[in-house]
Amino acid sequence: MNTKLDGQIADGSNSAAASQKAGSQTDTLDPADLAGPRRFIDAISPEQLVPDLARKLPLEFLKSQCAIPLTLDDGTLAVALAEPLNIEAYDAIVSVLNQPCIRVVCPADQIEKAISLCYYQTAQPGFDSDPGREKDASRTHSNLDVSSVQTWAEDLLNVAGKAPAIKLVNKILFDAVHSRASDIHIEPYENEARVRFRIDGVLHDIMTLPCEQVPAVLSRLKVMANLNIAERRLPQDGQSRIKIASDLVDIRVSTIPTLGGERIMLRLLDKSRAEFALDQVGFAADLLERFRRLIAMPHGIILLTGPTGSGKTTSLYAALNELNCEQRNILTVEDPIEYQIPGIGQMQVKPKINLTFANCLRHILRQDPDVIMIGEIRDLETAEIAIQASLTGHLVLSTLHTNDSASAVTRLIDMGIEPYLISSSVVAIMAQRLVRVICPQCKTALDAGEHTIALAGISPNDKLNQGPFYKGLGCENCRRTGYLGRTAILEQLIVDDDIKAMITQRCGSHLIEQAAVKKGMATLRDDGFHKALAGITSLEEVYRVTADTIKIEQGMA
């Protein structure tokens with residue numbers, strides 16, 4: 001094991017002197033300190049990190065030896081090692097720090113994340129507790145040499161010799177991942193470019209860039225996504241992958257030409273945070289049990305509806321993950337494939353070579369599938385093949401872009417599908433939205449005002465008006481937003497005999513919805529308010545995502 005440190009360890013020191021000093025330092029340590037009850041720690045908290053000490057050691061050394069100095073809860077200085085017998089690395093670190101340190105063992109992934117944080121100076125990436133802080137390019141440049149994003153080809157955490165544009169891009173990506181952002185928007189205007197992150201479904205201003213830096217940043221992002229850096233007149237799409245510590249993040253890149261210049265949007269897909277379990281989606285207990293019975297059916301179509309970004313794909317992946325077993329042959333057609341699920345055959349749509357949803361489905365039906373997932377039904381041809389697949393003994397899961405569940409029937413009829421085929425094939429339609437979850441550390445109860453109650457469409461005599469409701473006040477844990485994470489609100493429309501008759505008679509979506517509500521269907525608004533009463537989300541958040549389902553007259557009362 002080579003743990004030799006170069007001249008970066010200390011000014012004027014060499015490796016021989018460092019080794020000699022390490023030997024003399026370890027002789028002064030009490031052997032009992034090396035094997036106490038604190039010998040193993042399962043996690044490293046940010047409070048235990050000492051960035052100033054970590055930066056005294058070369059980055060490559062810490063990463064190669066998987067070791068880092070830290071403080072324990074009682075203030076004791078320690079060296080965390082992934083390999084407990086790596087005494088040479090321990091001796092070298094103690095020599096550089098010139099302080100007594102005990103030895104502890106920690107999982108390698110925790111040490112990698114700690115190294116990443118120590119070589120990044122901002123404690124709260126992307127946000128700052130000081131509202132007067134200037135988030136400009138000059139502030140950004142002070143931290144450029146400590147970014148910690150890496151690709152498969154090279155380690156971008158070690159950016160000492162990198163160009164400023166590369167360092168700036170790395171910092172933006174690092175900020176976004178550690179802020180749990182789903183999207184990065186870089187929007188150029190006449191004199192500057194604005195960088196915004198979408199966190200929990202809401203955009204936040206992060207920083208501004210001088211206009212002279214924008215071309216270099218865009219070129220760097222294009223290189224990462226294998227796009228043509230010389231083409232600025234036409235939209236382009238690409239993809240990339242980065243690694244932060246042990247976390248892999250896939251990036252989808254899209255550029256469009258605008259008046260101020262090229263605008264670029266990056267969709268971040270953090271595989272380490274992907275949760276594909278039905279009990280994590282946000283189902284109420286009765287809805288979850290009913291949905292599990294639906295996806296266990298041998299044939300039929302189950303549709304998920306909602307606007308872009310409402311979590312439809314995540315719910316589909318959760319359903320497929322539950323169905324995934326050796327007895328079933330599951331195939332998907334997606335555009336794009338967001339996450340890879342072992343044991344499931346996933347096809348990527350490629351319109352440039354005429355590999356469309358419809359063409360993929362034709363070939364999939366020859367592969368003897370039990371379950372088929374279609375990323376989206378966009379046209380008549382795809383809808384017809386999906387219906388034929390369901391009528392010939394296949395379970396089909398797919399999505400539609402409609403505002404509620406009942407509108408999916410109208411959408412299919414508008415595509416040209418005969419109503420009798422819809423009633424014969426579709427077994428259930430589920431609409432969903434994503435609402436932000438109140439931060440548990442700053443959640444507080446409050447009485448909603450009369451205006452908020454009326455605006456949200458609640459009748460004064462409604463039992464939902466009995467409260468209390470809850471709200472997040474904002475804290476360091478949630479970066480002053482009051483919310484941390486998201487969950488789904490859902491409505492399930494079961495296509496029973498009465499609903500089938502209404503579909504065949506071409507009844508309007510509002511009549512179908514009224515009939516379903518009389519049969520006990522909880523609407524998106526109802527599910528949202530139950531979650532608000534339970535303290536999961538706020539009343540304002542429910543109104544924000546369900547405003548299109550509430551009559552305007554109720555808000556004007």
Side-chain angles (χ1 to χ4, degrees), residues 182 239 241 247-252 267-283 288 290-306 308-351 353 355-378 382-383 385-400 425-430 432 488 490:
S182 60
Q239 59 185 7
R241 174 176 290 183
D247 298 337
L248 289 177
V249 181
D250 285 338
I251 304 177
R252 296 209 308 265
R267 171 65 55 86
L268 306 180
L269 303 172
D270 192 344
K271 298 191 173 187
S272 65
R273 295 176 181 170
E275 295 183 357
F276 301 130
L278 285 178
D279 54 1
Q280 299 295 324
V281 171
F283 285 95
L288 178 59
R290 189 184 307 156
F291 188 71
R292 280 177 166 153
R293 291 200 302 266
L294 288 171
I295 64 176
M297 297 179 65
H299 57 81
I301 297 179
I302 300 175
L303 294 174
L304 273 68
T305 72
T308 301
S310 59
K312 301 185 299 297
T313 302
T314 301
S315 296
L316 284 180
Y317 279 151
L320 292 180
N321 200 43
E322 183 142 326
L323 291 172
N324 191 12
C325 64
E326 63 180 13
Q327 289 82 20
R328 291 191 180 97
N329 180 21
I330 303 177
L331 298 174
T332 74
V333 184
E334 305 174 57
D335 183 24
I337 297 175
E338 296 190 0
Y339 297 98
Q340 297 180 15
I341 304 179
I344 295 179
Q346 297 172 267
M347 284 188 71
Q348 170 71 55
V349 171
K350 299 177 181 178
I353 58 174
L355 191 61
T356 63
F357 277 104
N359 288 336
C360 288
L361 282 175
R362 289 191 185 94
H363 293 283
I364 276 181
L365 291 175
R366 300 170 187 168
Q367 294 287 319
D368 186 32
D370 296 300
V371 180
I372 301 172
M373 191 271 271
I374 307 171
E376 181 185 353
I377 295 179
R378 299 178 179 176
T382 304
I385 298 175
I387 288 175
Q388 293 301 323
S390 69
L391 295 176
T392 53
H394 303 88
L395 178 65
V396 180
L397 307 177
S398 188
T399 69
L400 272 177
S425 57
V426 178
V427 297
I429 306 170
M430 185 173 72
Q432 74 175 67
L490 311 110

Which heavy atom in Ile385 sits nearest to a heavy atom in Ala358, and how many Å separate them? CD1-O, 3.5 Å

Which value, rounded to the nearest 0.5 Å, describes the distance between Met430 atom CE and Leu397 atom CG? 10.0 Å

Is any side-chain heavy atom of Leu278 closer than 4.5 Å to one of Ile295? yes

Which value, rounded to the nearest 0.5 Å, describes the distance between Asn321 atom CG and Leu316 atom CG? 12.5 Å

Interatomic spacing from CG in Leu303 to CG in Leu400 - rounded to 0.5 Å: 5.0 Å

Please identify each residue that fulfils side chain to side chain donor-acceptor pair (under 3.5 Å) with Asp335, with sequence neighbours left out. Gln348

Mind checking ring-ring contact (aromatic ring centres under 6.0 Å, His included) for Phe283 and listing every partner two or more places apart, or none if nothing turns up? Phe291

So CD of Gln239 and CD1 of Ile337: to nearest 0.5 Å the spacing works out to 9.5 Å

Checking Ser315 now: which residues fulfil side chain to side chain contact (heavy atoms under 4.5 Å, CB included) with it, not counting sequence neighbours? Val281, Leu304, Gln432

Rounded to the nearest 0.5 Å, what's the gap from OG1 on Thr314 to OH on Tyr339? Could you check? 6.5 Å

Kindly write out the residues that satisfy side chain to side chain donor-acceptor pair (under 3.5 Å) with Ser390, not counting sequence neighbours, or none if the list is empty. none

Donor on one side chain, acceptor on other, Gln346 and Glu334, under 3.5 Å: yes

Would you give the length of the straight line joining atom NE2 of His299 to atom OG of Ser425, rounded to the nearest 0.5 angstrom? 11.0 Å

Taking every heavy atom of Leu490 against every heavy atom of Gly282, the minimum-distance pair comes out as CD1-O, 3.7 Å

Residue set satisfying side chain to side chain donor-acceptor pair (under 3.5 Å) with Thr308, at least two apart, ordered chain then number -> none

Indicate the atoms forming the closest heavy-atom contact of Val427 with Gly300, along with that distance. CG1-CA, 4.1 Å

Ignoring hydrogens, what is the shortest heavy-atom contact between Leu395 and Met297? Give both atom names and the distance. CD2-O, 3.7 Å

Using the test salt bridge (Lys or Arg N to Asp or Glu O under 4.0 Å), find all partners of Arg328 that sit at least two apart in sequence or belong to another chain. none

Shortest non-hydrogen contact between Ile429 and Thr305, atoms and distance: CG2-CG2, 3.8 Å

Does Arg292 have any side chain to side chain donor-acceptor pair (under 3.5 Å) partners at least two apart in sequence or in another chain, and if so, which? Glu322

Side-chain donor-acceptor contacts of residues 366-377 below 3.5 Å, not counting sequence neighbours, with atom names and distances?
residue	atom	partner	partner atom	Å
Asp370	OD2	Asn329	N	2.8
Glu376	OE1	Arg378	NE	3.1
Glu376	OE2	His401	NE2	3.4

For Thr332 and Ile364, work out which heavy atoms get closest and say how close. O-CD1, 3.9 Å

Where at least one partner belongs to residues 338-349, residue pairs that pass salt bridge (Lys or Arg N to Asp or Glu O under 4.0 Å), sequence neighbours excluded: Arg252-Glu338

